[in-house]
Amino acid sequence: MSLRASSMTDGRADRYAPGARVRTVHHDPPHHTRLPRYARGKRGTVIEPEGRAPLADVRAQGRTDCPVEQVYAVRFAARDLWGEGEHDVVLDLFESYLEDDQP
Amino acid sequence: MTGTTHSDALISRRVRRLETLLEDRGIVTGAAVDEAIDAFLTGASAAGGARVVARAWTDPAFRARLLADGISAVTELGLSAGGVQPQRLRVVENTADTHNVVVCTLCSCYPVRLLGPSPSWYKSEAYRSRVVREPRAVLAEFGLVLPEDVAVTVWDSTSETRYMVLPRRPEGTEDLDEPSLAALVTRNALIGTAAL
Amino acid sequence: MARMNDVGGMQGFGPVDTTDDTQPFHADWEARVFALNGALIAQKVYNLDEFRDAVETMPPAEYLAASYYERWFFAIRTLLERKGVVAAGELDD
């Protein structure tokens with residue numbers, strides 16, 4: 001499964017490749033964000049980049065200086081989100097929500 | 001969350017006043033609002049998604065293109081997955097070992113152009129809060145009990161990608177043509193809360 | 001600060017009412033609200049992320065008590081006042 005890499009069109013390299021281990025930031029912003037509370041500070045695996053989009057956190061403030069970022073589909077094990085469960089949850093996350101996960 | 005409340009008449013009056021104000025200020029016209037409502041009600045139904053599934057079941061090359069790039073593939077059938085902002089479409093395939101189910105925990109993102117208006121339960125707090133935490137329990141409430149060895153993936157639509165499930169083709173349908181197959185496909189199967 | 005819309009994993013909302021309703025609107029005003037919001041975004045009065053943000057700023061008790069399109073109407077009024085398209089209080093009774 002791979003979406004067409006629209007990310008390749010503007011010459012900027014993606015920070016994460018499919019299979020990269022990442023950790024979501026553990027922030028708690030006072031503004032709009034598309035990183036749900038249940039997925040903050042969690043370890044996951046990048047499925048693939050999905051294409052660049054204006055960062056919703058900034059765009060939601062009606063600002064004109066909105067950065068455009070890669071969005072990644074990231075897979076999380078239920079056990080890593082909730083401490084139990086056998087299923088996976090996939091979220092689409094802006095690059096600035098993600099950090100390298102040191103093994 | 002209820003569909004109507006005791007304050008329906010009050011809200012109705014307020015909405016009318018707002019629309020009048022916006023018309024007076026040249027921002028909208030009543031005719032355009034009427035048109036948008038008509039277009040939404042007539043143009044959007046789950047029939048589009050069902051057509052896509054029937055084609056994928058009968059045309060392996062199309063199925064491969066659909067799974068690789070949903071937007072391009074549905075465009076081949078004259079369909080659009082588009083919304084207010086540019087969107088991508090990811091079609092996720094159910095198999096003998098994997099089951100997919102779609103949600104938007106933060107609001108109510110949904111592939112409206114392919115599936116039509118979303119059902120109320122999709123927008124409910126009960127569904128949005130629980131399906132990421134205990135999908136099997138939620139699916140059981142829909143009457144879908146999955147074998148223990150089937151892996152479940154929940155897709156939380158947190159960005160502008162929209163998701164549609166490609167359900168498994170029912171057994172005994174080898175002789176059916178595409179329109180007959182499309183008629184078997186339900187809205188819930190395209191969201192992942194039903195099997196066929 | 002988490003907002004009331006951010007319900008993933010939250011307990012207590014009970015079983016899902018799986019009724020397969022086919023009517024997207026339960027009253028005419030809901031359809032008007034839906035279409036007005038689309039028009040305001042298309043006219044770039046505000047964008048979709050600002051709209052989502054405005055829904056989320058609804059006080060939690062009000063958010064939970066409100067129907068889906070009541071939330072939308074709240075957000076539209078919030079944004080139109082913020083953008084100065086309507087004056088504060090102009091839409092009140």
Side-chain angles (χ1 to χ4, degrees), chain A residues 1-9 24 29 31-40 42 44-57 59-60 66 68-98, chain B residues 63-73 75 81 83-93 95 97-107 109 128-139 146-163 165-166 192:
Chain A
M1 192 158 48
S2 76
L3 298 182
R4 192 160 289 165
S6 52
S7 53
M8 303 306 284
T9 55
T24 55
H31 53 71
H32 174 81
T33 184
R34 297 299 288 182
L35 176 58
R37 187 165 29 165
Y38 78 84
R40 295 177 189 170
K42 305 293 185 186
T45 306
V46 170
I47 297 177
E48 64 188 353
E50 300 220 81
R52 305 177 70 85
L55 180 61
D57 302 49
R59 198 162 182 266
C66 184
V68 173
E69 289 190 1
Q70 184 58 262
V71 177
Y72 299 88
V74 183
R75 182 179 290 272
F76 299 86
R79 195 165 295 278
D80 290 332
L81 295 174
W82 318 108
E84 61 179 43
E86 301 300 326
H87 61 283
D88 286 345
V89 182
V90 178
L91 295 91
D92 299 316
L93 300 175
F94 284 102
E95 191 166 277
S96 61
Y97 298 166
L98 304 175
Chain B
R63 177 180 149 277
R65 291 197 297 279
L66 180 69
L67 296 175
D69 182 349
I71 292 281
S72 296
T75 305
V84 174
Q85 291 187 158
Q87 293 176 351
R88 295 170 293 275
L89 174 69
R90 183 196 291 271
V91 177
V92 289
E93 182 182 33
T95 67
D97 327 304
T98 59
H99 183 86
N100 298 283
V101 59
V102 179
V103 66
C104 173
T105 62
L106 292 174
C107 44
C109 299
R128 289 163 46 214
S129 62
R130 291 177 50 221
V131 75
V132 286
R133 178 70 174 84
E134 45 176 9
R136 284 176 184 271
V138 170
L139 294 177
L146 297 168
E148 278 304 312
D149 58 350
V150 170
V152 176
T153 297
V154 184
W155 301 82
D156 188 356
S157 316
T158 48
S159 186
E160 298 312 323
T161 296
R162 295 292 168 268
Y163 290 92
V165 174
L166 175 55

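Below, chains carry the letters A, B, ... as their sequence lines are ordered, and counting in each starts from 1.
- Side-chain contact between B:Arg133 and A:Glu84 is present, with at least one heavy-atom pair separated by less than 4.5 Å.
- Expressed to the nearest 0.5 Å, how far OG of B:Ser159 lies from CG of A:Leu55 amounts to 9.5 Å.
- The parts of A:Val89 that come within reach of chain B are both its backbone and its side chain, each placing non-hydrogen atoms under 4.5 angstrom from that chain.
- A salt bridge links B:Arg90 to A:Glu50: one of the charged nitrogens lies within less than 4.0 Å of a carboxylate oxygen.
- Two residues are said to be in side-chain contact when any heavy atoms from C-beta on lie closer than 4.5 Å; A:Leu91 and B:Trp155 fail this criterion.
- Under the 4.5 Å side-chain criterion, counting only non-hydrogen atoms from C-beta, B:Cys107 is in contact with A:Arg34.
- The OG1 atom of B:Thr98 sits 15.0 Å away from the NE2 atom of A:His87 when rounded to the nearest 0.5 Å.
- Taking all atoms of both residues into account, the shortest heavy-atom contact from B:Val132 to A:Trp82 is O-NE1, 3.1 Å.
- Of all the listed residues (B:Val103, B:Val131, B:Thr153), the one sharing the greatest number of non-hydrogen pairs under 4.5 Å with chain A is B:Thr153.
- Residues A:Glu86 and B:Val152 fail the side-chain proximity criterion, which asks for heavy atoms closer than 4.5 Å.
- In this structure, the side chains of A:Leu93 and B:Thr158 come closer than 4.5 Å at one or more pairs of heavy atoms.
- Salt-bridge annotation for A:Arg52 and B:Glu160: absent, with no side-chain N of the basic residue lying under 4.0 Å from a carboxylate O of the acidic one.
- When heavy atoms are compared at a cutoff of 4.5 Å, A:Phe76 does not approach chain B at all.
- Contacts of B:Thr105 with chain A are made by side-chain atoms alone, with heavy-atom separations under 4.5 Å and no backbone atom involved.
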